Amino acid sequence: MSTTASDPLAALGSLPGVPDAVDSVRKAVDRVYGHRVMRRRSNEVTAEAALRGSRGSAALAGADWNLEEVRRRTDFSGEDEARTVGAALRLTAEAGQLLSVWRQSPLRVLARLHLVAAGGATPDDAVGRPRLAGEAVDEPLIEAPLPSAGEVAGRLEGLSRLIIEGGSAPALITAAVVHGELLALRPFGSHNGLVARTAERIVLIGSGLDPKSICPAEVGHAEQGRAAYVAALEGYTAGTPEGMAAWITHCGRSVELGVRESTAVCEALQRGAA
């Protein structure tokens, strides 16, 4: 991510297609928040969105389980896929607890997210800190060139400053940049995709766009498919205006698909109450 604008995230809002994506997401979110079920049963919608978002994030990390299997299981130890699903569920549960810290210390939040995701599966000295020079990264989905440890440290500091200083950028743009930057950097030795998607969730909630966490972008990322996800990320890592716009609009579409999922949940709850 590179730009010389004084408010670099806001400057991305003028890229072709991005204003339409921002407007479309805002309207979609407003519609689901206006659903009559949200007046009395929003907690149920939030819980279901969390479960479905976790399933979607795990699917992108290689554990593409049926939703009912995720709902049914209580033991997420053992095989790799089960641990991945367990990590996604833990991260989603943790996200809501970290909102107050995020704007003051985003790097602290990222460290905590990695600790939660690792769940004891990573050697203690590698958990919750950016990787050091020469340390390997286990992130098979993302094949983009791996930045050096020095570049990771510098770009994380830059991202942290942008978040702490705030700005006028719409929530979608900020969330997309946080997500894309973490995927591009892969700052930890493992679980970077899960952490990046959780950070996107935190931005969407904390910004006020989705305060009840009922618009799981992870659902949309999974629905669009791993190939589309990787292709959109390639646009981000290229850093061109067209590439950045493609990544932001991809993230916007993911939020809209998450909205569609929760709208279906609302409709199902409404039918059940009738």
Side-chain angles (χ1 to χ4, degrees), residues 1-25 56-57 59-62 106 110 130-131 133 136-163 167-189 191-201 203-204 217-218 220-257:
M1 180 187 64
S2 62
T3 177
T4 57
S6 58
D7 190 350
L9 298 187
L12 297 175
S14 63
L15 295 176
V18 172
D20 288 341
V22 169
D23 185 56
S24 183
V25 165
S57 190
L60 287 171
L110 293 175
R131 55 187 168 83
V137 173
D138 179 15
E139 200 68 47
L141 178 62
I142 308 302
E143 298 180 353
L146 194 66
S148 69
E151 183 179 352
V152 167
R155 286 172 64 175
L156 282 177
E157 285 295 335
L159 184 64
S160 178
R161 285 195 300 273
L162 285 175
I163 294 166
S168 59
L172 171 64
I173 293 175
T174 304
V177 167
V178 168
H179 184 171
E181 192 73 352
L182 292 174
L183 281 180
L185 294 178
R186 283 146 288 166
F188 303 110
H191 303 96
N192 290 286
L194 293 173
V195 168
R197 290 184 287 276
T198 305
E200 178 185 48
R201 173 184 283 267
V203 174
L204 293 173
E218 305 97 322
H221 288 302
E223 186 170 332
Q224 293 186 83
R226 298 177 84 187
Y229 187 66
V230 171
L233 178 65
E234 287 174 355
Y236 180 89
T237 57
T240 63
E242 296 81 8
M244 293 294 291
W247 171 249
I248 294 168
T249 55
H250 179 90
C251 291
R253 179 58 180 158
S254 295
V255 175
E256 290 186 70
L257 290 169

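Positions are given from 1, in the same order as the sequence printed here. What you see is a predicted model, and the numbers here were worked out from it, not measured in a lab.
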- prompt: So, the side chain of Arg186 versus the backbone of Leu183: is there a donor-acceptor pair under 3.5 Å, distance only?
  reply: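 Yes: the side chain of Arg186 pairs with the backbone of Leu183.
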Would you mind reporting whether [Y] and [X] have side-chain heavy atoms less than 4.5 Å apart?
{"X": "Leu60", "Y": "Glu218", "answer": "no"}
{"X": "Leu110", "Y": "Pro187", "answer": "no"}
{"X": "Val177", "Y": "Trp247", "answer": "no"}
{"X": "Tyr236", "Y": "Met244", "answer": "yes"}
{"X": "Leu146", "Y": "Arg131", "answer": "yes"}
{"X": "Leu182", "Y": "Asn192", "answer": "no"}

For residues [X] and [Y], report the shortest heavy-atom separation together with the two atoms involved.
{"X": "Ala217", "Y": "Leu204", "value": "CB-CD1, 4.3 Å"}
{"X": "Gln224", "Y": "Ser254", "value": "NE2-OG, 2.8 Å"}
{"X": "Leu162", "Y": "Pro8", "value": "CD2-CG, 3.4 Å"}
{"X": "Ile173", "Y": "Gly13", "value": "CD1-CA, 3.4 Å"}
{"X": "Thr237", "Y": "Ala184", "value": "CG2-CB, 3.8 Å"}
{"X": "Thr249", "Y": "Ala21", "value": "CG2-CB, 3.8 Å"}

message: As a test of understanding, state which of Arg201, His221, Arg197 forms a side-chain hydrogen bond (donor to acceptor under 3.5 Å, both in side chains) with Ser57.
response: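 Exactly one candidate clears the test, Arg197.
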- request: Mind checking the CD1-CG spacing from Ile142 to Leu185? Nearest 0.5 Å is all I need.
  value: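 Interatomic distance, Ile142 CD1 to Leu185 CG, rounded to 0.5 Å: 12.0 Å.
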query: Could you state the interatomic distance from CG (Leu141) to CD (Glu139), rounded to the nearest 0.5 Å?
result: 7.0 Å
task: Name all pairs fulfilling the side chain to side chain donor-acceptor pair (under 3.5 Å) condition that reach into residues 9-25, sequence neighbours left out, sorted by first residue then second.
output: Asp23-Lys27, Ser24-Glu256
- prompt: Tell me the side chain to side chain donor-acceptor pair (under 3.5 Å) pairs involving residues 167-179, sequence neighbours left out?
  reply: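 Qualifying pairs: Asp7-Ser168, His179-Glu200, His179-Tyr229.
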message: Holding to side chain to side chain contact (heavy atoms under 4.5 Å, CB included), I want the full list of residues that pass it with Ala245, two or more places apart in sequence or in another chain.
response: Leu15, Val18
